[in-house]
Structures are given as C-alpha cells and as structure tokens.
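To keep things clear, I will list the structure first and then write my remarks on it.
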Amino acid sequence: ADYDNGIAALSNFPRITQCTTGEAIDAVEGRLESVYKGRLGRFSRSFIFMKPDYLVLYDNIEARHPESYNWLFHAVGDSIRPDGNSIRIVRPKAQLRIEILDPDHLKGAIRKYPDSENRFIDLSSGAPTSDTTFLAVMIPARTDQQAQRDQWRAEGLHLPGWVGARVLRDGLTDEILFRTGGEKSTSAGTFITDADRLTTTRNKAGALKRLWMRNASMLAKAGRDTETTLVRLESSATMAFRWEPGSILVETDSPSDQKLTLWLRQAPSRLELDGLAQELDYDSRTERLTLHLPEGRHVIRFDRGALDW
C-alpha cells in the first residue's frame, strides 16, 4: 500500500491554494494532506505575516480516522528553549518566540538528530481525535529588540465561527481571525463579514489603524439595533485598509472587474486609483461612494476624514 501511495505521490504534491502580498500584510495558504499516505482528508496550513513584525501560523487538519498529531520545529544546534506553551529559538544575534495558543496542552520533547548536533522539538497532541487545529504566533527579535518584544503578549480568541489570536504590542492591539464555521456572513468582533480571514489593528483609543480581509464581498459594522454596510463588492476580493496621516490607503486584489461601494461620512476631496485622480461618484443621501475596481492588484487613496469606522 505504501508503494502504491509512493507512486501516486509523484503526481500529487502539496500545493499553494491562495497567496496575497501587500504593503500591510502577506498571507499564504496551502494543502499538505497528499504527503500523509491517505491518512488525512484535509491538512490546510496558513501563514499571515503582520508586516513587519511577526507571523501567525494556523493549521486545520481532518483525519480519515482518529489520530494523534505531532508538530516538529527544527533549529540549529542546541538553541531550543521550551517553557510550557512557549518556545524560544535562541541564537547569538536574534531569537524567535513561538507562542502556541491552540491546542491548550501539548507534550514537548527535544530530540537530537543521530548524525548532527542539530535538534528539534516534538510537540504531541496526546489522545487521538479525528480533527485538530494548531495556532501559534511567531515573534522574531534581534538582540536590540529583545527587551521591547518580550513585553508583547499573545492570547487566543474563540468566537462563534472563528478562531484566532490577539496580540498586544507597543500600545497597539492586533486581532487575527480565521473562519471555522460554514455560515457565509458571521460576526467577527464589532464587524460582520463573509471573509474567511480578517485582521484588525487598533491603537490605545480603539481607533482602527489597519484592516485586512480575504475573500470578502461585504463588511458591515454591527450596531445595537442595526448594522451598517461599510464595504460591498459584486464578488469576493482581498482588501487591506491603512489609516495613514491625512489619507486612507486601500490595497485591492480582485479576480475580476467589478463595482466597489464604500460607506463614507462625506465625499472625499480627492480620490486616486493607482496614483491617478478619479471622478467622484458619491451619493450624499446614502453616504455611499461607488467606483469601478479593475481586475488584479490596485491601490486606492482618499482623504482620511471621509472614513470613520
């Protein structure tokens, strides 16, 4: 059986299923079940790079039969320092801190390669289950950043239909969410969206500094009695909003030409697409700005006062 699977593996490789890059965030997702000899029905691995500071790793695994799971992290020499659900890779000029948020309890053992001085840590899930997830925040730091980044804290988030991480760092709060539920539009904190990935960054006052959503056609803000649609697309796309001094910058990655509608409190004084001024199509009655979004990757910019989420 293993021989047959080995032949099949020659034409059945792990593959990247989604990838997006930008000034604010990079993200990639892949499928890895093909290397596990038919034991896994699904193994999806995602990385989100919260540029330029840290990575979030998320695994979603479904087995054909109950299994125990192991995660291996490899390092040069004797540089692994485990401490409960936190692991450090300590090198002369830098460290990597791995904060494991899910599963809650993993058994760890450091093992040595038989033919070298390098080591790896083997994290075991324990009792067999038919599905599992793994969520970790990976924070690198140069020696001159170590004291500052040691103050950063990561904690798990579990919302209906979502799992994720909250990272508190230097007066900012990041929330990185991965969809787990099958419903199309669900609440994600103060927002409602059909995205399958959503990240936000807020300052101490709670004001948004950055918002990124993947595979989304809508974003709404949940109120006490009503909801306000903030973003509406004709089909799903990836968008990243950045609140910069004096302006809002929106990076878009759309699979097709389509109409984009944004909720703005007032008409922007200037609207640019890829650096070129655009004619405004703003309805003051509905407070909606409509524009044509071309296929592919583009950058929209307008003045900051128009957007208040």
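Just so it is clear, the structure is predicted and the values come from calculations on it, not from any experiment.
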Closer than 3.5 angstrom, by distance alone: can the side chain of Arg214 be matched with the main-chain N or O of Leu198 as a donor-acceptor pair? no

Strictly by modelled atom types, are Gln151 and Asp170 linked by a side-chain donor-acceptor pair under 3.5 Å? no

For Ser46, what residues pass the side-chain hydrogen bond (donor to acceptor under 3.5 Å, both in side chains) criterion, not counting sequence neighbours? Arg197

Report yes or no: does Trp162 contribute a side-chain atom to a donor-acceptor pair with the main-chain N or O of Leu157 at less than 3.5 Å? no

Is Asp122 paired with Lys107 through a side-chain N to carboxylate O contact shorter than 4.0 Å? no

Should Phe241 and Met50 be regarded as members of a common hydrophobic cluster, given that ILVMFWY residues are connected when their side-chain heavy atoms come within less than 4.5 Å of each other, either directly or indirectly? no

For the side chain to side chain contact (heavy atoms under 4.5 Å, CB included) test, which of Thr286, Leu219, Leu230 pairs with Trp263? Leu230

Is it the case that the side chain of Lys51 and the backbone of Gly22 share a donor-acceptor pair, with hydrogens and angles ignored and the cut-off at 3.5 Å? yes

Using the rule that two of Ile, Leu, Val, Met, Phe, Trp, Tyr join whenever any of their side-chain heavy atoms come within less than 4.5 Å, decide whether Phe134 and Ile61 are in one cluster. yes

Dump the intermediate steps for side chain to side chain contact (heavy atoms under 4.5 Å, CB included) on Leu289 and Leu280, then the final yes or no. CA-CA 8 Å; Leu289 174 71; Leu280 288 177; 4.1 Å; yes

Measuring only between side-chain heavy atoms, which start at C-beta, is Phe47 closer than 4.5 Å to Val56? no

Check the pair Ile139 / Leu96 against side chain to side chain contact (heavy atoms under 4.5 Å, CB included), numbers first and verdict last. CA-CA 6 Å; Ile139 305 172; Leu96 174 66; 5.7 Å; no

Is a side-chain N or O of Thr200 found less than 3.5 angstrom from the main chain of Leu211, in a donor-acceptor match? no

Mind checking the CG-NE2 spacing from Asp281 to His292? Nearest 0.5 Å is all I need. 13.0 Å

Measuring from Asp102:CG to Phe178:CZ, what's the distance to the nearest 0.5 Å? 11.5 Å

I need the minimum non-hydrogen distance between Arg202 and Phe191, along with the two atoms involved. NH2-CE1, 3.5 Å

Mind checking the CG-CD1 spacing from Leu123 to Ile100? Nearest 0.5 Å is all I need. 4.5 Å

Under 3.5 Å, sequence neighbours excluded: what are the donor-acceptor pairs made by side chains of residues 71-79?
unit_1	atom_1	unit_2	atom_2	d
Trp71	NE1	Asp59	OD2	3.0
His74	ND1	Tyr113	OH	2.2
Ser79	OG	Val76	O	2.7

Test side-chain hydrogen bond (donor to acceptor under 3.5 Å, both in side chains) applied to Glu99 - qualifying residues, sequence neighbours left out: Ser86, Arg97

How long is the gap from CZ on Arg45 to CG on Asn60, to the nearest 0.5 Å? 12.0 Å

Salt-bridge test for Glu155 and Arg153: reply yes if a basic N is under 4.0 Å from a carboxylate O, no otherwise. no

One should read off an interatomic distance between Arg15 CZ and Leu32 CG, to the nearest 0.5 angstrom, of 9.5 Å

Asn85 (side chain) donor-acceptor with Asp104 (main chain) under 3.5 angstrom: yes

Suppose clustering is done on Ile, Leu, Val, Met, Phe, Trp and Tyr with side-chain heavy atoms closer than 4.5 Å. Which residues sit in the same group as Leu249? Val299

Sidechain N-carboxylate O distance under 4.0 Å for Arg166, Asp174: no

State, yes or no, whether a side-chain contact exists between Thr252 and Ile300 at a heavy-atom distance under 4.5 Å. yes

Taking Gln145's backbone N and O only, do any of them form a donor-acceptor pair with Gln148's side chain (distance below 3.5 Å, no angle check)? no

Has Tyr58 got a side-chain atom pairing as donor or acceptor with Leu177's backbone, closer than 3.5 angstrom? no

Taking atom NE2 of His158 as the centre, does the number of heavy atoms from other residues, nucleotides or ligands within less than 6.0 Å exceed 12? yes

If you count every heavy atom of other residues, nucleotides or ligands that lies below 6.0 Å from Lys259 atom NZ, does the total exceed 12? no

Quick one: does Ser217's side chain have a donor or acceptor within less than 3.5 Å of a partner on Ser236's backbone? no

Check: Arg179 side chain, Ala195 main-chain N or O, donor-acceptor pair, under 3.5 Å: yes

Flag side-chain contact, heavy atom, 4.5 Å: Pro103 against Thr133: no

Which residues satisfy the side-chain hydrogen bond (donor to acceptor under 3.5 Å, both in side chains) test with Gln258, sequence neighbours excluded? Ser235, Ser254

Would you give the length of the straight line joining atom CG of Leu291 to atom OG1 of Thr261, rounded to the nearest 0.5 angstrom? 8.0 Å

Tell me, do Trp152 and Val137 make a side-chain contact under 4.5 Å, heavy atoms counted? no

Can the ring centres of Phe43 and Tyr36 be said to be less than 6.0 Å apart? yes

Any Lys204 side-chain heavy atom under 4.5 Å of Leu172 side chain: no

Listed partners of Arg288 passing side-chain hydrogen bond (donor to acceptor under 3.5 Å, both in side chains), at least two apart: none

When Glu244, Gln278, Arg270 are each screened for side chain to side chain contact (heavy atoms under 4.5 Å, CB included) with Arg301, the one that passes is Glu244

State whether Glu67 and Arg39 are salt-bridged, where the test is any N-O pair (Lys NZ or Arg NE/NH1/NH2 against Asp/Glu carboxylate O) under 4.0 Å. yes

Min side-chain heavy-atom separation Leu271-Tyr282 under 4.5 Å: no

Presence of salt bridge, Asp150 and Arg88, under 4.0 angstrom: yes

Tell me whether Arg210 contacts the main-chain N or O of Ala24 through its side chain, where contact means a donor paired with an acceptor under 3.5 Å. yes

